[in-house]
Protein chains: 2
Amino acid sequence: MLSILGPNDRADGVLLATGPVRNVSQDQTIYSMSEPAEAILKVVSGMVRTCRFMSNGRRQIDAFHIEGDVFGFEAGAHYSLSAEAVSDCTLVCYRRSDLLSLAARHQGLANQLYLHSIRNLARAHAHACLLGRFSALEKLASFLADESAHSPQREQVTLAMNRTDIADYLGLTVETVSRSLAMLRRSKLIEFSSPREIKLKDLNGLRVLAV
Amino acid sequence: MLSILGPNDRADGVLLATGPVRNVSQDQTIYSMSEPAEAILKVVSGMVRTCRFMSNGRRQIDAFHIEGDVFGFEAGAHYSLSAEAVSDCTLVCYRRSDLLSLAARHQGLANQLYLHSIRNLARAHAHACLLGRFSALEKLASFLADESAHSPQREQVTLAMNRTDIADYLGLTVETVSRSLAMLRRSKLIEFSSPREIKLKDLNGLRVLAV
DNA sequence: CGTCTCCTTGATTGAAATCAACTTAGGTGG
DNA sequence: CCACCTAAGTTGATTTCAATCAAGGAGACG
C-alpha cells in the first residue's frame, strides 16, 4: 500500500499523483535537521531512523520506522530531527502543503494524518519511559520484545540496525548494549546465530524484564 | 480562550457547547492509565502532569501542561498515561468522539487538533533527547531554561511542581535534582528566594549548559 | 592475505542512585 | 500566636551501574 490512505479511499489516486517514490540506499540522509520541513514520508520497504544530533557528537535516535510508518511530522517550518536510511529503503514522499490542502477536502486523509501523528506520539511516550526509568538490561529486553512484535516469526528477530544505532536509541553506549545482550544470552533468554540474528528463546521472560 | 479553535473560527460556539469546564484541585487525578480515553482536554489555568506509573513504584512524567496546552491524545481506546493536577486547575473537556465528528465538518478544528498533537510530538522528541543523552546538570539547566520561556518574567521562575515531580520528569532522583540545583546556585547561575522561587541570574549560561 | 569495520570483552573510573540524617517550611491545633 | 508536627527539601557517605579507556576477535571485502 503506497498511499497514506487505504486503497479504498477516494483520495487515493490523488495522493499517488502527488507522492513520488524515492529510493534511498543504506546510511543515506533523507532529510537533515533544520532544513525546511517540506515532505512527509511513508516507508514502503526498509528501515528509517529519525535522530537528533547534539553538540560534542552525541546522538539520540528518536525512532526506527518500518513499512507502513509515516514520519516527518513537524510543528515548525523546519525539521527538528534528521532522517536516515538504516537499510536500503523505498519511500513515498508527500509534499506537506499538498497533504494539508488535500486533507481539507478529504476527510479520510485528514483522519489518517491525525492518526499517524498520534501513533508517533504514543511511541514517543513509551520511549520516554524507557529512556528515563529503565535499566540497561530492561532497555534491551524491551527493545527485543518490540522487535519481535514486528518480526514475521515472533521468536526470531533480524536486526536491521547495528549496535551503535541500538545504543543511540536506548540512551546507552555500544559497550553496554553488547554486555547487556551477553547477559541475556547467558541467562538463556536469547541466542545468537550471528550478531544481527537473534533467537528469542524465552519471549515471556523478556517481556517480564521489559517491565 | 476556552476552545481548541481560535475565537474567530465558526465551530467555536459548537465546541463550547460540547466542552464542559472542569475544576480540579491540586494532586487530584484527571484520568488514569487504562481507563477509556473519552476526553481530550485543554488547560485554561493551572498545571497538569501526564505520567506513566510502572512496576516497583517508578514513575515517568511525560509532560507538564500549562494554559493553552491540549492533552489526552491517544492512539488506542484507552489512556496510556495518567493525568493529574500539579496545581489547582481549570480545564475544558471535549468528548473525543464529538471532536472527531466535528472535525469532519470543520476544517479549522481538524487543523487545530492535528497541530496540537504535532506540538506534543515535538515536545516528546526534545524530551527523549534530554532523557537519553543529557547529564543531570544539563537536564536541570534545560528544564529551568524551558520554565523561563513560559514565565511572565524571563529571569524569575516560580515552580508549580515539587522536586519529586521534577525528578520524575527528568529521569533523576530527588536528591540528584537538589544537588544539581545547588551546583547551579554555587556557580552563580541561579539564586533561590525559596525552594520554588528561582532567579535565573545567568540565563545565557543556563542555555549554554542546556546544550 | 591484509585491512577495515563491527562487535565483544576486560579493567577502571565516574556520575548518579541509594541509604541515612538533618534542616526548613508550612499547616494545625492548643 | 506560638509550638508542634509533618512534608518537602537539602546534604553527606557509600554503593552501584553504566561510561570510559583499552584491547582483542570475527567477519566482509578488495
Side-chain angles (χ1 to χ4, degrees), chain A residues 26-27 49 54 56-60 86-88 130-144 157-187 190-198 209 211, chain B residues 25-27 49 54 56-61 86-88 130-144 157-187 190-198 209 211:
Chain A
Q26 190 173 348
D27 287 324
R49 60 174 174 256
M54 302 163 55
N56 58 319
R58 285 180 286 183
R59 181 178 70 151
Q60 177 65 48
V86 171
S87 60
D88 292 350
L130 173 148
L131 289 171
R133 290 296 181 211
F134 281 22
S135 71
L137 210 62
E138 290 169 341
K139 285 175 177 181
L140 263 301
S142 167
F143 174 73
L144 290 176
V157 299
T158 304
L159 300 175
M161 72 294 280
N162 63 28
R163 297 294 192 260
T164 307
D165 283 339
I166 298 176
D168 288 346
Y169 178 66
L170 299 178
L172 299 170
T173 58
V174 215
E175 294 94 329
T176 302
V177 168
S178 198
R179 269 188 259 272
S180 302
L181 287 175
M183 276 172 134
L184 293 175
R185 179 168 50 67
R186 279 194 296 273
S187 316
I190 63 174
E191 208 166 65
F192 297 86
S193 42
S194 86
R196 305 281 190 101
E197 278 293 335
I198 304 182
L209 260 184
V211 189
Chain B
S25 53
Q26 190 173 348
D27 288 324
R49 60 175 174 254
M54 303 164 55
N56 57 320
R58 285 180 286 185
R59 181 179 71 150
Q60 177 64 49
I61 293 182
V86 171
S87 60
D88 292 351
L130 173 148
L131 288 172
R133 290 296 181 211
F134 281 21
S135 71
L137 211 61
E138 290 170 340
K139 285 174 177 182
L140 263 300
S142 166
F143 174 73
L144 289 177
V157 298
T158 304
L159 301 175
M161 72 295 280
N162 63 28
R163 298 294 192 260
T164 308
D165 283 339
I166 298 176
D168 287 346
Y169 178 66
L170 299 178
L172 299 170
T173 58
V174 216
E175 292 95 328
T176 301
V177 168
S178 197
R179 269 188 260 271
S180 302
L181 287 174
M183 276 171 134
L184 293 175
R185 179 169 48 69
R186 280 195 295 272
S187 316
I190 63 175
E191 208 167 65
F192 297 87
S193 42
S194 86
R196 304 282 190 100
E197 279 293 336
I198 305 183
L209 261 184
V211 190

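Values in this document were obtained by computation on a predicted structure and should not be read as measured data. All values below were derived from every heavy atom in this structure, side-chain atoms included, with hydrogens, water molecules and symmetry-related copies excluded. Order of the sequence lines fixes the chain letters, A, B, ..., with proteins taken first and strands second; residue numbering starts at 1 for each chain.
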Novice: How many Å lie between CG on A:Asp168 and C1' on C:dC6, as a whole number?
Specialist: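 From A:Asp168 CG to C:dC6 C1': 15 Å.
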
Novice: If we ignore hydrogens and angles and just use 3.5 Å, is the side chain of B:Arg163 paired with the main-chain N or O of B:Pro195 as donor and acceptor?
Specialist: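 Yes: the side chain of B:Arg163 pairs with the backbone of B:Pro195.
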
Novice: For B:Ser194, report the nucleic acid contact type (base, sugar-phosphate, nothing); a contact means any heavy atom under 4.0 Å.
Specialist: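 If one applies the 4.0 Å heavy-atom cut-off, B:Ser194 turns out to touch nothing in the nucleic acid.
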
Novice: Work out which heavy atom in A:Arg185 is nearest to a heavy atom in A:Phe192; give both atom names and the distance.
Specialist: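 The answer is CD-CD1, 3.4 Å.
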
Novice: How long is the span from the CD atom in A:Glu197 to the CG atom in A:Leu159, to the nearest 0.5 Å?
Specialist: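 So the gap between those two atoms works out to 8.0 Å.
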
Novice: Between A:Ser87 and A:Gln26, do the side chains contain an N or O donor and an N or O acceptor separated by less than 3.5 Å?
Specialist: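 Note: A:Ser87 and A:Gln26 side chains miss the donor-acceptor criterion.
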
Novice: For A:Met161 and C:dC7, what is the distance between atoms CE and P respectively, to the nearest whole Å?
Specialist: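 It works out to 11 Å between those atoms.
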
Novice: Rounded to the nearest Å, what distance is computed from the CG atom of residue A:Leu184 to the P atom of nucleotide C:dT9?
Specialist: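 Rounded to whole Å, this separation is 13 Å.
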
Novice: Whole Å only: how far is the CG atom of A:Leu159 from the C1' atom of C:dC6?
Specialist: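 After rounding, the reported distance stands at 13 Å.
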
Novice: Would you say that A:Gln60 contacts B:Leu131 through its side chain, given a criterion of any heavy-atom pair below 4.5 Å between the two side chains?
Specialist: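 They are not in side-chain contact.
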
Novice: Starting at the 5' end of DNA chain D, which residue's closest nucleotide do you reach first, A:Leu137 or B:Val177?
Specialist: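 Whichever sits nearer the 5' end wins; that is B:Val177.
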
Novice: Taking the axis from the first five pairs and the axis from the last five, what angle separates them in the helix from C:dC1-D:dG30 to C:dG30-D:dC1, rounded to 10 degrees?
Specialist: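 The end axes of the helix from C:dC1-D:dG30 to C:dG30-D:dC1 are about 30° apart, to the nearest 10°.
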
Novice: Of the nucleotides C:dT18, C:dA16, C:dC7, which has the atom closest to the A:Arg196 side chain?
Specialist: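 Selected nucleotide: C:dC7.
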
Novice: Reading DNA chain D from 5' onward, which residue's closest nucleotide shows up sooner: A:Arg179 or A:Pro195?
Specialist: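 Its nearest nucleotide being more 5', the pick is A:Arg179.
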
Novice: Tell me, do B:Phe143 and B:Val157 make a side-chain contact under 4.5 Å, heavy atoms counted?
Specialist: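 Side-chain contact under 4.5 Å: no.
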
Novice: Extract, from 5' to 3' on DNA chain D, the first and final nucleotides lying under 4.0 angstrom from some heavy atom of chain B.
Specialist: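 Contact boundaries, 5' end first: D:dG9 to D:dA13.
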
Novice: Using side-chain heavy atoms (C-beta onward) and a distance below 4.5 Å, is A:Leu144 in contact with A:Leu181?
Specialist: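 Sidechains of A:Leu181 and A:Leu144: in contact.
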
Novice: On DNA chain C, check which nucleotide each of A:Arg133 and A:Glu175 is closest to and give me the residue with the more 5' one.
Specialist: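 Closer to the 5' end of DNA chain C: A:Glu175.
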
Novice: Roughly how many Å is it from CG in A:Asp27 to C1' in C:dC6, rounded to a whole number?
Specialist: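 Roughly 13 Å, once rounded to whole Å.
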
Novice: For the residue pair B:Asp168 and B:Arg49, establish whether any side-chain heavy-atom pair is separated by less than 4.5 Å.
Specialist: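 B:Asp168 vs B:Arg49: side chains apart.
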
Novice: Please report the distance, rounded to the nearest Å, between NZ in B:Lys139 and P in C:dA15.
Specialist: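 Atom NZ in B:Lys139 sits about 14 Å away from atom P in C:dA15.
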
Novice: Looking only at side-chain N and O atoms, does B:Arg58 come under 4.0 Å of OP1 or OP2 in C:dA17?
Specialist: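 So the side-chain polar atoms of B:Arg58 never come under 4.0 Å of the phosphate oxygens OP1 or OP2 of C:dA17.
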
Novice: Is it the case that over 12 heavy atoms from other parts of the model lie below 6.0 angstrom from the CE atom of A:Met54?
Specialist: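 Atom CE in A:Met54 is crowded, with more than 12 foreign heavy atoms closer than 6.0 Å.
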
Novice: Could you check whether B:Leu181 gets within reach of a base, just the sugar-phosphate, or nothing at all, counting any heavy atom under 4.0 Å?
Specialist: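 B:Leu181: no heavy atom of the nucleic acid under 4.0 Å.
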
Novice: Between C:dC6 atom C1' and A:Glu197 atom CD, what is the distance in whole Å?
Specialist: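 Taking atom C1' of C:dC6 as the reference, CD of A:Glu197 is at 16 Å.
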
Novice: Determine: side-chain N/O of B:Thr173 to OP1/OP2 of C:dA16, distance under 4.0 Å, yes or no.
Specialist: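 Indeed not, no polar side-chain atom of B:Thr173 lies that close.
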
Novice: Do A:Thr176 and A:Leu170 come within less than 4.5 Å of each other through their side chains, counting heavy atoms only?
Specialist: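 No - every pair of side-chain heavy atoms lies 4.5 Å or more apart.
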
